[in-house]
Amino acid sequence: MVIKTDELPAAAPADSSREPNSQAGGKGRPGAAELPSVMLLNGDCPESLKKEERATKLPRENGLDDTEPGEETTGQEVIVIQDTGFSVKILAPGIESFSLQVSPQEMVQEIHQVLMDREDTCHRTCFSLHLDGNMLDHFSELRSVEGLQEGSVLRVVEEPYTVREARIHVRHVRDLLKSLDPSDAFNGVDCNSLSFLSVFTDGDLGDSGKRKKGLEMDPIDCTPPEYILPGSRERPLCPLQPQNRDWKPLQCLKVLTMSGWNPPPGNRKMHGDLMYLFVITAEDRQVSITASTRGFYLNQSTAYHFNPKPASPRFLSHSLVELLNQISPTFKKNFAVLQKKRVQRHPFERIATPFQVYSWTAPQAEHAMDCVRAEDAYTSRLGYEEHIPGQTRDWNEELQTTRELPRKNLPERLLRERAIFKVHSDFTAAATRGAMAVIDGNVMAINPSEETKMQMFIWNNIFFSLGFDVRDHYKDFGGDVAAYVAPANDLNGVRTYNAVDVEGLYTLGTVVVDYRGYRVTAQSIIPGILERDQEQSVIYGSIDFGKTVVSHPRYLELLERTSRPLKILRHRVLNDRDEEVELCSSVECKGIIGNDGRHYILDLLRTFPPDLNFLPVSGERLPEECTRAGFPRTHRHKLCCLRQELVDAFVEHRYLLFMKLAALQLMQQKASKIENLTTLENGSLPSSESKSEDPLGPEAGSEEEGSSASGLAKVKELAETIASDDGTDPRSREVIRNACKAVGSISSTAFDVRFNPDIFSPGVRFPESCQEEVRDQKQLLKDAAAFLLSCQIPGLVKDCTDHVVLPMDGATLSEVMRQRGINMRYLGKVLDLVLRSPARDQLDHIYKIGIGELITRSAKHIFKTYLQGVELSGLSAAISHFLNCFLSSYPNPVAHLPADELVSKKRNRKRRNRPPGAADNTAWAVMTPQELWKNICQEAKNYFDFSLECETVDQAVETYGLQKITLLREISLKTGIQILLKEYSFDSRHKPAFTEEDVLNIFPVVKHVNPKASDAFHFFQSGQAKVQQGFLKEGCELINEALNLFNNVYGAMHVEICACLRLLARLHYIMGDYAEALSNQQKAVLMSERVMGIEHPNTIQEYMHLALYCFASSQLSTALSLLYRARYLTLLVFGEDHPEMALLDNNIGLVLHGVMEYDLSLRFLENALAVSTKYHGHKSLKVALSHHLVARVYESKAEFRSALQHEKEGYTIYKTQLGEDHEKTKESSEYLKCLTQQAVALQRTMNEIYRNGSSANIPPLKFTAPSMASVLEQLNVINGILFIPLSQKDLENLKAEVARRHQLQEASKNRDKAEEPMATEPEPAGAPDDAAPQSQAAKDPPFPSLQG
């Protein structure tokens, strides 16, 4: 969420009003580009995380200069007022009093939560806290409570129950009983998700790890399972989710459920009965329990006979747990053990995630009775919502009110962002549940008489519509295909407008859910929209794609504010009466004023300009780069838009071009005025004339690629030149005008490139007076389409070749493409370029991932329509049949039709029971593998324009080196299938790989908006910048502060907090604080598993970092098991042949070398050497390092000949790459001498033995077992952590140099953040080429460079 630069509030004074939970005082927000210079930061940081989304760049002012005057160096000083915490004593009935640390800005309610979570008070829910006999208000902050101070005593007082409180109590007890049970995570409910870290660390990280240190050198079994060793062909699935010991749950009760006697009859209500429970204890005793206002007691009812009188023992307990302790010894024993275990788990294993994460595999689980689950399933409300005043939530009101919260200073912004984030995640959960209910047929349509495709639904104040072309709305755009794509485009539009965040402009809460082959759009409801006709409501935009168009001054004013950051041009169009209408968005964007008086915009599917490569327009010719690549191609729909990232990159590129053109000419003028003044050396710049005809010459492309520090320096200088010129000189005005014209700027006095999103829109007409503008806009669109092909795609391939980005699976490849603004429909083009690349071998991994992605995306398209024809009863049979056709080598799998086929034939005549858009319900059963693969190849050709050379899955695996297990993972993640965790025999030709029983579930695939924590993000970025400049301490403090702010906005679990923790761990490690590094990295791993998935490439990364810190803390066996886990996951997700595998195997080999497992170590190191050689070329410094590592192991084995051979290879590389005098070359040469001496000594000894037999006098040979320190040093080197000793003077110079470079980067806002060492990509902190290539070695950042 970003505020436009011209709306940044002035720095507010640090003010002390802080919101609850906030860890930060009122900070004025640092301006767009500068960061605060002085920060006094407050204490400890709570748990938290952050993935740097590059998209969240502040929208650059699209004007001539980036910073506004006077905004340059106001480094605001920010001082945080620290509220110190204090401790209070808690007195609860029946236990010892204990003290609790609290902070003044917490609410009383938070103490309640802590007590409900503590082991000894967890069974209480209905109580109040009293101070000196006065009851504290639930929602007041502690600092506002009079007389509350250090050492105060708070008394826990039991309160009488109400029906609501009794239900909450039963629900809480059930949660406590289920606290270790993973079934919610496997079933994807209540934001539970899986984590397996504790299985591999045996819980011995951190404090408990210190206790075990002495024992660490006991012999440890280092041999990994066979399938983890290099060269193994086996890819088992079961180890993905190892069985956790704690999951075999201790049974406390057999059954706890609501009784059939509920609700109590009137006469019992008047005796205080609230509800009845039925329990079967572990000893098989059946009891009925009354929940009354005073507590819980046994009654005399049985299953068939109602008798509410108390039974003996007549024991009334305020807590259900205490009552059950009385009547069941087993319950008492097991409940205590269960709570002990629950409290020992890391909090991050238990906290709910903000959005649901689904697991694509799950073990076979028993289905146990569960009263709360049953009740939840059949109430239309969500979980606790029935306890919220006002019953169902008014989502629209909540979403819009949170946006209206004030945002003048930091505490206000934190409160606002937190509210926005919370409502969004709640809305997403509700919308997902509603969409599933709609498709499963549990919701009544609001237009039930219409055909199923056309039906619309309202549930829980959310409006649902299906992705079909209703009433031929999209007839000219591609019918159903366009209707399917529109919601996703619309969501992108909502995301964008939300990010610009203009006050007074409102968007709808929007969630797009793909479930069982259908696309459902869930939207919040504009107040009053259902009562009136659409024609009356729309006061801006068009409801029929541009025939009738209306406009409204207030909308123009609001949208005008978004036009600059979104690069949208204000333009005029003609309506059906040939009148000119002014718009500041595409025509489809509709403005409706709700009954609440708010200005809403909806249908944002064409927020960005069209992609001409996929929109053939008769009579329009595309630039040569496009036609050469076979464009324009006809796509299935006409809604193809350019991505926002592409628009930004294109404008950025034009800006550099503009600077060069303008400043060059100005320089020349100045030079001619002041005779021989040295001009800016202008080697690489073509003359402006040739440039203006073809603003996108090939030079422009390469120029953008290599806009290195020197290029930026030039632009900075140019910018200053232009700025210094006050524009009085007519000649310089002329220069600017020419430059503006050349780059297609809409203004002639400053750089301002914007797009008209309605160009080439079918049915939209422009007035005569605008023809010239329209012509320029058409040219601009053509240039943008060419820019994507000539700059962005080659740039991506280059980044992949240089291993700047390291995707490991389909998702990470898509992310890398999207960051560069390349839509997935260009995947075939990217693969073509990879095939033609001179470095084809070094791109092998990209090619494999790309082909896998192409195949699974094509299969997904087919699967979607395949599923729409399937009845619910045949779902598992249909999915397993599809998977057999897709992945099994079995030549003719037969589909099992559901047994009740005969019965259902009769019913089929009724239209009502048919799923939306269903054809013949058994058509799916006749699909064959040959037919499916033929369709996949056809789809790949039609959609991605790529020819696959395969007719069966086995040919695909053979031709492209794919793995079936990887394809299974990809298709399951894309379609939401969950399969049984077991070993599948894909290659058997005698039986199909999948049966119906193997398909456990089908989950929704959900797209939604991710609101951002903007302030936290700026702190994080400035922290990163500080770290890169070598100011570790300051960087660390800034990142800690970012962590606090992220926690404030997102709660404890979020992708972005993960990146924050990882960076903190790394900093602590560099600064020598291993314990702190371990603790932070452990949180990062747990969080990555929970929020991104247990086998997401990011999680693999986190495992590797954690292993390094474990090794440094001498927890060797843990380090090994973590590395083995990372290797297993990499094999499953991609396979062995990935550049990342070299780093992993080097790590494993080094640790094994350290524990003297030489033969095993060699297997991994030699594999790493082979992989490095393939991906980095045999002359790379990485390969030299690899040779050295192998040589060291051979030396330890006393096989000096092999050691010499490898070290010589390494020496040769160093010599050719770095020269004779480089320290690396010298080190290597020293080591060679040392090896030679050892070899000679060994040979002498052997000769001595041969000569003199057993009486030989043998000097003892020195075989060096490696020291832990030397192993750790090598581990640091390969993981890119370099400690470079520098003198104080060097440091000062370096800091100055780095600061200068940083300013230059700020100046041109260099877009490609991939150059930031810590651009937290799903790539590792890339292992440096040992000491960085020669040119860099000199200017490496001060000591610890984070990645060479």
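Residue numbers run from 1 in the order of the sequence given.
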Only counting residues at least two apart or in another chain, list the ones meeting salt bridge (charged side-chain N to carboxylate O under 4.0 Å, His left out) with [X].
X       : result
Asp802  : Lys798
Arg643  : Glu645
Glu1102 : Arg1062

| said: Main chain of Val797, side chain of Thr801: is a donor-acceptor contact present, judged purely on distance under 3.5 Å? | reply: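 Between the backbone of Val797 and the side chain of Thr801 there is a qualifying donor-acceptor contact (under 3.5 Å).
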| said: Keeping Lys1033 on the side-chain end and Phe1031 on the backbone end, is there a donor-acceptor pair under 3.5 Å? | reply: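 No; judged by distance alone, with no hydrogens or angles, the pair does not exist.
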| query | How would you list, by chain and number, every residue that makes a side-chain contact (heavy atoms from CB on, under 4.5 Å) with Thr353, sequence neighbours excluded? | reply |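 For Thr353, the residues satisfying side-chain contact (heavy atoms from CB on, under 4.5 Å) (neighbours in sequence not counted) are Cys191, Ser193, Met1053, Arg1090, Val1091.
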| request: Could I get the full list of side-chain contact (heavy atoms from CB on, under 4.5 Å) partners for Ala1077, not counting sequence neighbours? | output: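 Ala1077 satisfies side-chain contact (heavy atoms from CB on, under 4.5 Å) with His1068, Tyr1069, Tyr1109 only.
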| Under 30°, 30 to 60°, or over 60°: which ring-plane class applies to Phe355 and Phe421, parallel, tilted or perpendicular? |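 Rings of Phe355 and Phe421: perpendicular, over 60°.
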| request: Give the ring-plane orientation class for Phe1046 versus Tyr1050, where under 30° counts as parallel, over 60° as perpendicular and anything between as tilted. | output: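 Parallel.
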| query | Hey, are the side chains of Glu503 and Arg407 touching, using non-hydrogen atoms and a 4.5 Å cut-off? | reply |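 Sidechains of Arg407 and Glu503: in contact.
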| task | Evaluate the side-chain proximity of Val816 to Ile822: yes if any heavy-atom separation is below 4.5 Å, no if none is. | result |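 With C-beta onward as the side chain, the pair stays apart.
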Search all heavy atoms of [X] against all heavy atoms of [Y] and return the closest pair with its distance.
X       : Y       : result
Gln1024 : Ile1039 : N-CD1, 4.1 Å
Leu1045 : Ala1016 : CB-CB, 3.5 Å
Ala1042 : Phe1019 : CB-CB, 3.7 Å
Val753  : Val743  : CG2-O, 3.9 Å
Val805  : Cys800  : CG2-SG, 3.8 Å
Asn1047 : Ala1052 : OD1-CA, 3.6 Å

| Counterpart residues, side-chain hydrogen bond (donor to acceptor under 3.5 Å, both in side chains), relative to Asn1146 (two or more places apart) |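 Result, side-chain hydrogen bond (donor to acceptor under 3.5 Å, both in side chains) vs Asn1146: none returned.
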| field | NE2-CG distance between His1018 and Leu1038, expressed to the nearest 0.5 angstrom | value |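 Taking NE2 in His1018 and CG in Leu1038, the distance rounds to 13.0 Å.
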| Between Arg564 and Asp752, is there a side-chain N and carboxylate O pair less than 4.0 Å apart? |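 Salt bridge flag = no for Asp752 with Arg564.
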| message | I'd like to know if the side chain of Arg495 pairs up with that of Asn492 as donor and acceptor (distance under 3.5 Å, no hydrogens or angles considered). | response |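 Indeed, the side chains of Arg495 and Asn492 share at least one donor-acceptor pair under 3.5 Å.
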| message | Considering only residues two or more places apart or on different chains, which pairs with a residue in residues 1070-1079 satisfy salt bridge (charged side-chain N to carboxylate O under 4.0 Å, His left out)? | response |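 Checked against salt bridge (charged side-chain N to carboxylate O under 4.0 Å, His left out) - neighbours excluded - no pair reaches residues 1070-1079.
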